[in-house]
Amino acid sequence: MMAAGTGEDVVSAARRVLQVERAFLTQAVGFMLDRGIRQFLDLGCGKPGVGSPHDMGRLTGPAVRVVHVDHDPEVIERARLVTAGTEHRYLLCRSVTDVADLIGTSQAAGMLDPRRPIGVVAVGLLHLVPGADDLLTRYSAVLAPDSVFAASHLTRSFGAAELIGDPVHPRRPEEFAAMFDGLALVKPGIVALPHEWGTPARPIEGAPVVAGIAVKQ
C-alpha cells in the first residue's frame, strides 16, 4: 500500500485508503447509532456522499441530525446540491479548529444540542490539520458525556504527501493514540485499517492508515 512508483500505483493506493476509511466510517456510525446517538458532527466532510453519517442515520428515521463542516466554500456549495431537500442536514463553512464558534453556531441555530451526546466523525481529516494534537480533547471538553469520537489518520510509514497532494502531517500510531487523551478508547484501541470492530487487533507495524473509536465518560 505504499504510494511509490508509477502514477497508477499512487491512484491505486489512494483508492485503497478511501475504501478502508469509508468502511471504518460505516462501522463507526453504526456503533454510534447502536449507542443511541442521533446527532452527528461530520468534521472535514468534503462532499457528503453514500455512507456519510446522514445516509446511515436516515435508516433509523428522521430524528437524526447531521452537521457537515468544511473550511472550503467550494466544497460546501457542492455539498448543498447533494443535501438539497433533505431534513436535519446542515452545512457549516468553518475551520474545524474553531471549536467554540462551531459548537456555539450549531447550538444557536438549533442544529445540534451539545447537552446531549454527539457523534463526532473525523475520518481522513486530522493529518491535514496543523496543530491538531489536542483537537479531539477540545471538542470533548464542550460536549456531553457519552459523546463518541471516531477518527482515522495516515501514519509516517505512508507516502502521504505524494498521495494527498496537500500539506500533510502524518503521525505514528502512538502519537495518534495520544490525540484521544481523556477519552475511553473502545477495544481493541488504535488499529490498522481495515479492521472489523469486535475482533482482536492485528499488528499495526507499517500500517498506512490507523483508526480509533472513543467515548467521553
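Separation of atoms CD1 (I190) and CD1 (I213) is listed at 10.0 Å; rounding is to 0.5 Å. Distance check: I103 CD1 to L112 CG gives 6.5 Å after rounding to the nearest 0.5 Å. In this structure, E175 CD and D133 CG are separated by 8.0 Å, a value rounded to the nearest 0.5 Å. With rounding to the nearest 0.5 angstrom, the CZ atom of F176 is 6.5 Å from the CG atom of L126. Taking OG of S140 as the reference point, atom CG of L135 lies at 11.5 Å (rounded to 0.5 Å).
One hydrophobic cluster, built from ILVMFWY side chains closer than 4.5 Å, cannot hold both M179 and I204; they sit in different ones. Hydrophobic cluster membership differs between L185 and M32, with clusters built from Ile, Leu, Val, Met, Phe, Trp and Tyr side chains linked at under 4.5 angstrom. The hydrophobic clustering, which links ILVMFWY residues whose side-chain heavy atoms are closer than 4.5 Å, places L41 and L25 apart. Residues L183 and V99 share a single hydrophobic cluster, defined by chaining ILVMFWY side chains whose heavy atoms lie under 4.5 Å apart. Hydrophobic clustering (ILVMFWY, side-chain heavy atoms < 4.5 Å, transitive): V66 and L33 are in one cluster.
Side-chain N or O atoms of R138 include one that pairs as donor or acceptor with a backbone N or O of T97 at under 3.5 Å. In this structure a side-chain-to-backbone donor-acceptor pair under 3.5 Å is present from T155 to A207. Side chain of E21 to main chain of V209: no donor-acceptor pair is present (N/O by atom type, distance under 3.5 Å, no hydrogens or angles). Between the S147 side chain and the I118 main chain, a donor and an acceptor come within less than 3.5 Å of each other. Proximity of a side-chain donor or acceptor of Q217 to a complementary backbone N or O of A184 within less than 3.5 Å is not detected. A donor-acceptor contact shorter than 3.5 Å is absent between the side chain of R116 and the backbone of R38.
When the side-chain hydrogen bond (donor to acceptor under 3.5 Å, both in side chains) test is applied to D113, the partners found at least two apart in sequence or on another chain are R115. The side chain to side chain contact (heavy atoms under 4.5 Å, CB included) search around T105 returns L92, R94, D101, not counting sequence neighbours.
For CG of D72, the number of neighbouring non-hydrogen atoms (other residues, nucleotides, ligands) closer than 6.0 Å is greater than 12. Within a 6.0 Å radius of CD in E174, other residues, nucleotides and ligands contribute more than 12 heavy atoms. Environment of NE2 in H169: crowded, with over 12 heavy atoms of neighbouring residues, nucleotides or ligands closer than 6.0 Å.
Contact of the L154 side chain with the V17 side chain is registered, since non-hydrogen atoms from C-beta on lie closer than 4.5 Å. Side-chain contact check for R65 versus M111: every heavy-atom pair is 4.5 Å or farther apart. Looking at R202 and P194, their side chains come closer than 4.5 Å, going by heavy atoms from C-beta outward.
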Go through it in stages, so that I can follow the logic: the residues are F149 and Y139, the test is side-chain contact (heavy atoms from CB on, under 4.5 Å), and I'd like the CA-CA distance, side-chain angles, deciding distance and then a yes or no.
CA-CA 9 Å; F149 297 75; Y139 276 99; 3.8 Å; yes

Please determine whether side-chain hydrogen bond (donor to acceptor under 3.5 Å, both in side chains) holds for the pair R16 and Q19, giving the CA-CA distance in whole Å, both sets of side-chain angles, and the decisive distance to 0.1 Å.
CA-CA 5 Å; R16 179 59 174 160; Q19 189 178 55; 2.8 Å; yes

Passes side-chain contact (heavy atoms from CB on, under 4.5 Å), F24 versus V210? Steps please.
CA-CA 10 Å; F24 167 64; V210 291; over 6 Å; no

May I have the step-by-step check of side-chain contact (heavy atoms from CB on, under 4.5 Å) for D70 and D42, ending in yes or no?
CA-CA 9 Å; D70 201 283; D42 183 16; over 6 Å; no

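Closest heavy-atom contact between W197 and G212: CZ2-CA, 4.3 Å. Pairing each heavy atom of A150 with each of A28, the nearest pair is CB-CB, 3.5 Å. Taking every heavy atom of both residues into account, S152 and L193 meet most closely at CB-CD1, 4.4 Å. Among all heavy-atom pairs drawn from P117 and A144, the shortest one is N-CB, 3.9 Å.
A perpendicular orientation is assigned to the rings of H153 and H127, their planes being inclined by more than 60° (bins at 30° and 60°).
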